[in-house]
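Proteins get letters first, then strands, A, B, ... in listed order; numbering begins at 1 in each.
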Protein chains: 2
Amino acid sequence: MGVIETTRMRAKAAPKRTENAPADLPLSTILSGDCVEAMRSLPDNSVDMVFADPPYNLQLGGDLNRPDGSQVDAVTDHWDQFDSFKIYDDFTRDWMTEARRVLKPDGALWVIGSYHNIFRVGSILQDLGFWILNDIVWRKSNPMPNFKGTRFTNAHETLIWASQGEKSKYQFNYRAMKTLNDELQMRSDWVLPICGGGERLKHNGTKAHPTQKPESLLYRVMLATTEKGDVVLDPFFGTGTTGAVAKRLGRQWIGCEREDFYRDVAMKRIEKELPLDESALETMQSKKNAPRVAFGALVENGYIKPGTEVFDKKRKWVATVRADGSLIYGKQMGSIHGLGKDLQGAPSCNGWTFWHFEQDGPGGPEVKPIDSVRQTYLLATED
Amino acid sequence: MGVIETTRMRAKAAPKRTENAPADLPLSTILSGDCVEAMRSLPDNSVDMVFADPPYNLQLGGDLNRPDGSQVDAVTDHWDQFDSFKIYDDFTRDWMTEARRVLKPDGALWVIGSYHNIFRVGSILQDLGFWILNDIVWRKSNPMPNFKGTRFTNAHETLIWASQGEKSKYQFNYRAMKTLNDELQMRSDWVLPICGGGERLKHNGTKAHPTQKPESLLYRVMLATTEKGDVVLDPFFGTGTTGAVAKRLGRQWIGCEREDFYRDVAMKRIEKELPLDESALETMQSKKNAPRVAFGALVENGYIKPGTEVFDKKRKWVATVRADGSLIYGKQMGSIHGLGKDLQGAPSCNGWTFWHFEQDGPGGPEVKPIDSVRQTYLLATED
DNA sequence: CGCGATGGTGAATCACGTG
DNA sequence: TCACGTGATTCACCATCGC
């Protein structure tokens, strides 16, 4: 599907990720000049993530004044002026096409925008074949009020997270996000303060860049969808928030930035940044990443004896472990997963958490899921 | 600006609004058949607001099961099936063009969608010449989780509020919104629960419509951007939430709906709906222009005595008025808005209508909202 | 009547490797 | 490309029922 015919990146096995990026990548570098030209110098399929904070195409009519008469420092820099939607759309399609080429087949794109541009960006991204995974609302805890009282306070910006295609094996650190959110799934609305205070870069007393993003935003983006050592490309580098957070989190980075002044500010900023040490970078891992253990191996190795009785939480079914690691219940038999599935009449079943057994504990017999034995086995057999 | 040349509706003085709609408008009617055809029967420049909840084009894969094995009842209805983005875009452009014609020059369009369709919708709306005023995020307080742990919980939907053009004199009831939001400017992110419980329409025990919207959402939309007597058109009427809320708030409504069954359900629903009485509506109307009155001023001026007991309609909570105009309930205290909000656990609360008190009347004690005291105060202090 | 346990459900682009 | 086996995975709210 898609209006525009594209070379759809098809599903492939996720390549083994290493901390070593291709030797010809200009890591920790801010490329100068137009970002499309700059990206052309990068090889195909070479970066793990693209984070883009493109110009917003703000259409502010004249100057905006606060009630006290002071003027709002609006985004009126020359790089943000576009004569029409068409020019903005062409610009968007250009940089995004190049970003798509540089991105690995299983890499992901993040773009941030406001209602002025995000609908153009989202549509074009879909037309190019990207597959939207989530739209994320950055809900600002301290937005600028609507001084004139003519609209709702514009209190959020929108991010789009997209993979190269529907079947791509994108990276999502589910467990790390759940941990970060107090053991609840991370939602699509993030409450974060805008960039200010000491974090806001100043030059001669005024803000160095009109739309500097908070580091907390990039922190969450990278923690959620990259691994240590991954390469992050930012085509609109600005003052280098992406680079600073990447360095801190042990990710590699490449930036593109047209303005000499911003490149200067960004490089100085990133040089000052200190990387977190190894132990701090450890995040909660999903069970998906653990090596697979066959239930039969536990029986073979004596962790569970043939003849052991296993049962579900409510003891509705009590089955017996056989020497080959299969279970038997009356005349029905099967693997821990298959038998659990059949007995419940469910579409599927995780036998590791469904079946329990009794074990002697300090205060008498204890009931534990058989998964606890697997954990013990994994610890004991670690290199 | 705009890719497509359109007849831009230019700024005009807002026409004097009356409660009498053009005589040839089919008010309180659900037009049958395709919504584009149905709208063709309506005259140019005749409705004050269009609220549209079009199909989202979800593009779902196979079945989805919860961790407990139960199956998610997905939206797989034929009306949500489109073969390509191009077909969806054409569909969108068609209904929106017709809606634009029917809409008055100073009228406004509201559209709701998710990331599947909202970027297409937003782009096309801009191409047609609509001027986006806000994008509003409906943050669901109780969304469905992401059962497989593959993405962020999709916890919001997006609404776009747009005028016919940049210079249109659209309606925005700033003060009503501020009052509704505990005397803070209403923000672009609204926390509201999804439609469930007694509000969710059922047919033979199952939901009558897969995507029924909560009345609170439409309530806020209409309270913010229409006046009493305004005509609201909903091209995707479904079970008639727009009609029901319009009737309650004293707005006129016209719906379009293809499915006989939904039209039946909607008509029966709206017939049962009771309009708010004049005084309640007058109150809301007057708020827009009324000078702001602090509850504390009423206490200061003796309209309400400190120590007065105030309570919600069901008398679940009985609080006491303190000298500074704050309320106290047990150990909790706050403004009339803040305490009401906290006790209910609601995102916001209009204390003026939430809290009531007893007053001696001709036939014994009467229960009145504290807002009635504000009205008395305003009358007494007029010039 | 209150309280806890239990079960149902909502606009959802919802797994992955092996053969 | 498809079929198959393994196995990872949920939050808030409501309705019902038992005590």
Side-chain angles (χ1 to χ4, degrees), chain A residues 1 10-14 126 130-135 162-163 165-167 169-170 172 174-175 178 181-188 286-290 292-296 314 334-338 340-341 346-355 370-371 374, chain B residues 53-77 79-82 112-118 138 140-158 193-200 202 205-207 209-214 236 238 345:
Chain A
M1 179 186 251
R10 281 293 163 199
K12 294 180 186 174
Q126 288 179 312
F130 281 102
W131 190 251
I132 298 180
L133 298 166
N134 278 114
D135 60 333
S163 66
E166 184 177 356
K167 304 291 184 190
K169 310 288 179 226
Y170 57 89
F172 181 55
Y174 175 74
R175 196 67 240 169
K178 190 163 176 175
N181 195 39
D182 204 14
E183 287 306 310
L184 286 180
Q185 286 190 339
M186 186 68 80
R187 298 167 40 115
S188 57
S286 169
K287 284 182 188 168
K288 275 179 208 163
N289 301 332
R292 281 166 68 137
V293 177
F295 182 67
K314 295 180 180 173
S335 69
I336 55 171
H337 312 295
K341 184 183 80 154
S348 69
C349 168
N350 180 353
W352 292 109
T353 52
F354 178 75
W355 296 106
I370 59 177
D371 191 47
R374 180 167 59 157
Chain B
D53 181 10
Y56 287 8
N57 187 23
L58 285 187
Q59 309 172 67
L60 301 178
D63 292 339
L64 178 63
N65 293 297
R66 298 186 176 82
D68 67 4
S70 64
Q71 195 173 107
V72 173
D73 182 18
V75 178
T76 51
D77 305 66
W79 48 254
D80 198 44
Q81 307 301 317
F82 297 84
I112 182 167
S114 67
Y115 67 83
H116 309 85
N117 72 323
I118 199 67
W138 168 27
K140 301 179 185 183
S141 56
N142 51 348
M144 184 159 62
N146 181 293
F147 295 115
K148 304 294 188 190
T150 56
R151 304 180 179 190
F152 299 96
T153 305
N154 190 11
H156 73 275
E157 293 187 23
T158 302
I194 59 178
C195 179
E199 188 186 324
R200 188 88 195 198
K202 298 285 174 66
T206 60
K207 56 190 177 190
H209 192 284
T211 70
Q212 188 184 340
K213 294 292 175 290
F236 307 96

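- Across C:dT13, D:dA8, C:dG10, the shortest atom-to-atom separation from the side chain of A:W131 is found for C:dT13.
- Annotation: salt bridge (Lys or Arg N to Asp or Glu O under 4.0 Å) contacts of B:R151 (sequence neighbours excluded): none.
- Distance A:K288 NZ to C:dC14 P: 13 Å, rounded to the nearest Å.
- Toward the 5' end of DNA chain D, the nearer of the two residues B:M144 and A:N350, judged by each one's closest nucleotide, is A:N350.
- Residue order along DNA chain C, read from the 5' end via each residue's closest nucleotide, puts B:K213 first among B:G61 and B:K213.
- Distance check on atom C1': C:dA11 versus C:dA15 gives 22 Å, rounded to whole Å.
- The side chain of B:K140 contributes no N or O atom lying less than 4.0 Å from OP1 or OP2 of D:dC11.
- In terms of phosphate contacts, A:Y170 brings no side-chain nitrogen or oxygen within less than 4.0 Å of OP1 or OP2 of C:dT13.
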TODO: Check step by step if side-chain contact (heavy atoms from CB on, under 4.5 Å) holds for B:V72 and B:F147.
DONE: CA-CA 10 Å; B:V72 173; B:F147 295 115; 3.7 Å; yes
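- With rounding to the nearest 0.5 angstrom, the CD1 atom of A:I336 is 9.0 Å from the OG1 atom of A:T353.
- Checked by atom type and distance alone, the side chain of A:S188 pairs as donor or acceptor with a backbone atom of B:A155 at under 3.5 Å.
- The side chain of B:F147 approaches D:dC11 more closely than any other nucleotide in the set C:dA11, D:dC11, C:dT9.
- For A:N181 (side chain) and A:R187 (main-chain N/O), no donor-acceptor pair under 3.5 Å exists by modelled atom type.
- Between A:H337 and D:dT6 there is no side-chain polar atom (N or O) within less than 4.0 angstrom of OP1 or OP2.
- Residue-level contact check: A:S286 touches the backbone only, with heavy atoms under 4.0 Å from sugar-phosphate atoms and none from bases.
- Residue B:R66 places a side-chain atom within donor-acceptor reach of the base of C:dG10, judged by atom type and a 3.5 Å distance cut-off alone.
- Listed pair B:Y115 / C:dT13 meets the phosphate criterion, a side-chain N or O lying under 4.0 Å from OP1 or OP2.
- B:Q212 places a side-chain N or O within donor-acceptor distance of the main-chain N or O of B:E199, the cut-off being under 3.5 Å.
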TODO: Quick one, give me the B/S/- string for nucleotides 13-19 of chain D, reading 5' to 3', where B means a protein heavy atom under 4.0 Å from the base and S means that only happens at the primed atoms, P, OP1 or OP2.
DONE: SSS----
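- Here A:R187 lies out of heavy-atom contact (under 4.0 Å) with every strand.
- To the nearest angstrom, C1' of C:dA15 lies 16 Å from NZ of A:K287.
- Within 4.0 Å of B:T211, counting heavy atoms only, lies at least one base atom of the nucleic acid.
- Phosphate contact (OP1/OP2 of C:dA15, side-chain N/O of B:R151, threshold under 4.0 Å): absent.
- Atom name C1', nucleotides D:dT10 and C:dG10: the rounded distance is 12 Å, in whole Å.
- Base orientation for C:dT13: syn, the chi torsion being within 90° of 0.
- Distance from the side chain of B:K148 is smallest for C:dA15 among the nucleotides D:dT6, D:dC11, C:dA15.
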TODO: Before giving the answer on side-chain contact (heavy atoms from CB on, under 4.5 Å), spell out for A:N134 and A:M186 the whole-Å C-alpha distance, their side-chain angles and the decisive distance to 0.1 Å.
DONE: CA-CA 12 Å; A:N134 278 114; A:M186 186 68 80; over 6 Å; no
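- Regarding B:D63, its CG atom lies at a distance of 12 Å from the C1' atom of C:dC14, rounded to whole Å.
- We find the CG-CD1 distance between B:N142 and B:I194 to be 4.0 Å, quoted to the nearest 0.5 Å.
- Among the heavy atoms of the strands, none lies under 4.0 Å from A:L133.
- One interatomic measurement links the two molecules: CZ of B:F152 to C1' of D:dT10, which rounds to 17 Å at whole-angstrom precision.
- Within 4.0 Å of B:D80, counting heavy atoms only, lies at least one base atom of the nucleic acid.
- Side chain of A:L184, nearest nucleotide from C:dA15, C:dG10, D:dA12: D:dA12.
- Between A:F295 and A:W352, the ring planes lie perpendicular to each other; the angle is over 60°, past the 30° to 60° tilted range.
- The CZ-C1' distance, from A:R374 to D:dT6, rounds to 10 Å in whole Å.
- Taking atom NE2 of B:H156 as the reference point, atom P of C:dG10 lies 21 Å away to the nearest angstrom.
- B:D68 places a side-chain N or O within donor-acceptor distance of the main-chain N or O of B:S70, the cut-off being under 3.5 Å.
- The side chain of A:K178 has D:dC11 as its nearest neighbour among C:dA12, D:dC11, D:dG7.
- Annotation: C:dG8 and D:dT9 have their P atoms spaced 24 Å apart (nearest Å).
- B:N154 comes within contact range of the sugar-phosphate backbone alone, with a heavy-atom separation under 4.0 Å but no base atom that close.
- Side-chain atoms of A:Q185 come within 3.5 Å of backbone N or O of B:N146 as a donor-acceptor pair.
- A:C349 comes within 4.0 angstrom of a base, heavy atoms only.
- B:K207 has a side-chain polar atom (N or O) that falls below the 4.0 Å cut-off from OP1 or OP2 of C:dG10.
- Going from atom NZ of A:K169 over to atom C1' of C:dT18 covers 13 Å, rounded to whole Å.
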TODO: Would you write the dot-bracket representation of DNA chain C, where each base gets (, ), [, ], | or . depending on whether it forms a Watson-Crick or G-U pair under 3.5 Å and with which partner?
DONE: .|||||||||....|||||
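- If you check every strand for non-hydrogen atoms under 4.0 Å, B:P214 touches nothing.
- Nucleic acid contact for B:G345: none, since no nucleic acid atom lies under 4.0 Å from a heavy atom of the residue.
- Summarising the geometry, the separation between NE2 on B:H116 and P on C:dA11 is reported as 13 Å, rounded to the nearest angstrom.
- For B:S114 and C:dA12, a side-chain-to-base donor-acceptor distance below 3.5 Å is absent, hydrogens and geometry of angles not being considered.
- Residue B:S70 has no polar side-chain atom (N or O) positioned under 4.0 Å from OP1 or OP2 of C:dT9.
- A side-chain N or O of B:H116 and one of B:S114 form a donor-acceptor pair less than 3.5 Å apart.
- Nucleotides C:dC14 and D:dT6 place their P atoms 24 Å apart, quoted to the nearest Å.
- Residues B:P143 and A:G338 both approach DNA chain D. Their nearest nucleotides, taken by heavy-atom distance, put A:G338 toward the 5′ side.
- C:dT13 and D:dA12 have their C1' atoms separated by 23 Å, with the value rounded to a whole Å.
- In this structure, the side chain of A:R374 does not engage the main chain of A:R292 through any donor-acceptor pair within 3.5 Å.
- Nucleic acid contact for B:D53: base, since at least one base atom lies under 4.0 Å from a heavy atom of the residue.
- Interatomic distance, CD of B:Q59 versus CD1 of A:I132, reported as 9.5 Å (0.5 Å rounding).
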